[in-house]
Protein chains: 2
Amino acid sequence: MHFSIQRDKLIEAVQDVLKAVSPRTTIPVLTGIKVTVTDEGASFIGSDSDVTIEASVPLTEEDQQFVEVIEEGSIVLQARFFGEIVKKLPNSTVTIQVLDHLNTQITSGNAKFNLNGMDPEEYPQLPSIEEENVYQMPIDLLKTMIKQTAFSISTSETRPILTGVNWTIEAGELICTATDSHRLALREVNIEGGDGEKRSIVIPGKSLSELSKILDDTNSSVDVVLTERQVLFRTPRLLFFSRLLEGAYPDTSKLIADSSKTSFEVKTKEFLQAIDRASLLAKEDRNNVVKLSVNEGEADVEISSNSPEIGKVYENVAVKGIEGESLKISFSAKFMMDALRAIESPDIRISFTGAMRPFIIKGIDDARILYLIVPVRTH
Amino acid sequence: MHFSIQRDKLIEAVQDVLKAVSPRTTIPVLTGIKVTVTDEGASFIGSDSDVTIEASVPLTEEDQQFVEVIEEGSIVLQARFFGEIVKKLPNSTVTIQVLDHLNTQITSGNAKFNLNGMDPEEYPQLPSIEEENVYQMPIDLLKTMIKQTAFSISTSETRPILTGVNWTIEAGELICTATDSHRLALREVNIEGGDGEKRSIVIPGKSLSELSKILDDTNSSVDVVLTERQVLFRTPRLLFFSRLLEGAYPDTSKLIADSSKTSFEVKTKEFLQAIDRASLLAKEDRNNVVKLSVNEGEADVEISSNSPEIGKVYENVAVKGIEGESLKISFSAKFMMDALRAIESPDIRISFTGAMRPFIIKGIDDARILYLIVPVRTH
């Protein structure tokens, strides 16, 4: 293998695939990045078995030469060192050449690195993906969806299926659901492509967070290819494979009540800031609990918190149209703030069905997003 | 105590004094910030016994009212909560009032916090400082000096005196020296004031780093007031007290050789980048050692590093005027990079007196700064 490549393209590709490489892997070859050169350009692969990322750099693009191939071939280079080295090379062009055995030379300007490579034959093959179930959606919408749901997954392995986000696709609509059993996030979007059949998969939350980091903020389209055990997100430059979680995702539809006993409208940002302040004194407490008091017929609600050793805090927040009964309810300030930060709508409606029942937060201008929070008993 | 204050001024003062407060203190009252209101304005004090910071907010400045005093007095508030609360208050004005006993109310907009305060009588008095030895220097010069020397202190407590920076003042000149016995930084500057007598103190490196963080980057002047056990840095808005380290600072002048057997000039930035690249493969190794080869009569020097398991790197860097004998020497890349980053001069001269002897780095345009590095034996 022997080729030259523009340093900026090399850095971008290596930084992207590094996101899949874990220093804690038990498979030695996966501590490396696989570099492959063909007559189409250079490709770089990183993987931790769960997630596999391939970044490609074509020979040319819009009359600019990115890669010059002198000899095709492949090598696996230690990800940690390769990643550090490419960032610090002195010249805008880099030459990479396998000299003998696996000894690989990286040259840029006066700097010469000789790295001990690993055998590319040992590197796992990319998963094979059938092209039957291919959907398309804009990248920025995909990233927004991930941001609005992935934070609600469980971080505990006691119910592994809850560490993923459930995607249900049917008739041009995608519903994403995430829950840790104390709170739930639900987001609906339109999606193109596919054969109209209903499909349900569970994607690890960690994979979605990594995907979100390597996709640029553009409104160009990404292909989503579904199979039994894998999902592939594909752009012209990147392939992002993630394994799927196995098992049945719980039916969460029964949790979401149709009617409410108490509800009100409030400005999202004002409510968020008041909750944030009330939570300051509740931080000692792991639960980080604040209390909300709603009184029938009033124009504001009270948010309060009390930590006997430190002090107490209370604040009235103006609301619109309190409907139904008076209510006192306690909940996790963190869960509420996570939800409020994810809602883009400037106004929200919160609907309760009692102090001990889960309550629902919806954007006023956006019926396709919903959060549910289970309250905390405080006696 | 009862007063109102502009939120921005309150945040600035509290953030500054927080830098002196340590959560690990064994003196309970020092987990707090002392707030004092007099007819001159409000003051805030934080301390960890070693460093004490007082930030003042005057009643008015340039026709703007910052503080309105309703009742003079003082209180000590939990630093951690007070610091978090002031940052998140909703309104541009804040009222702080001691209600009864030590119960203190902070009000801003609709938000009301009641904090359990601590007795201000228990808070230690500020050190008394005599005004005999007062020097003046520009703040930006003080900050540059700290940046150029403090990184060379020892982080080990085996010789506590080396965890400080030695300041020697004589005849209008201040010499700052820091060494961990493997490297040394030396910086000379002019200083105004004082009585011309020679004085030598050792200021904890940690105090200087904290001081550097809270001083704004201006060329206005700071007073430096020396006493037996304390140094005070004083601006109109801030008092920064630090205890001094006790004991004799070692005489380092003999380490700095007058003559050299090998020397050359090189571009600071090019040399730094080449060392940085060579150090990439040496990171496994705690010592982070790189090798430099100088050959009589050549126009460049070679920097190299070799980690048998990972690979090797070598790079030639153009130099000017190699003088004296050929030399191979190994040293810590980290020490060299620290020194090169601290030197503002675009060109440096490095002077050696043999492969086993400390060598010296000086800025070509700046004879008042000097670094010394002890080489590493590699066989």
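Just so we're clear, the structure is a prediction, and the values are computed from it rather than from any experiment. So you know, we letter chains A, B, ... as the sequences are listed, proteins then strands, and number each from 1.
The local environment of NZ in A/K291 is sparse, with at most 12 non-hydrogen atoms from other residues, nucleotides or ligands closer than 6.0 Å. Atom NZ of B/K19 has more than 12 neighbouring heavy atoms from other residues, nucleotides or ligands inside a 6.0 Å radius.
Checked by atom type and distance alone, the side chain of B/N110 never pairs as donor or acceptor with a backbone atom of A/E315 at under 3.5 Å. The backbone N or O of A/G311 lies less than 3.5 Å from no partner atom in the side chain of B/N114, so there is not a single donor-acceptor pair. Of the possible donor and acceptor atoms, one in the side chain of B/R277 sits under 3.5 Å from a partner among the backbone N and O of A/K88.
For B/P308, the part sitting under 4.5 Å from any heavy atom of chain A is the backbone (N, CA, C, O) and nothing else. For B/E270, no part sits under 4.5 Å from any heavy atom of chain A, backbone or side chain.
In this structure, the side chains of B/L115 and A/L281 come closer than 4.5 Å at one or more pairs of heavy atoms.
Here the CG-CG distance, from B/L280 to A/L89, works out to 9.0 Å after rounding to the nearest 0.5 Å. Rounding to the nearest 0.5 Å gives a distance of 8.0 Å between CG of A/N316 and NZ of B/K112.
Annotation: maximal heavy-atom pairing with chain A below 4.5 Å, among B/P90, B/A278, B/A318, B/S305, occurs at B/P90.
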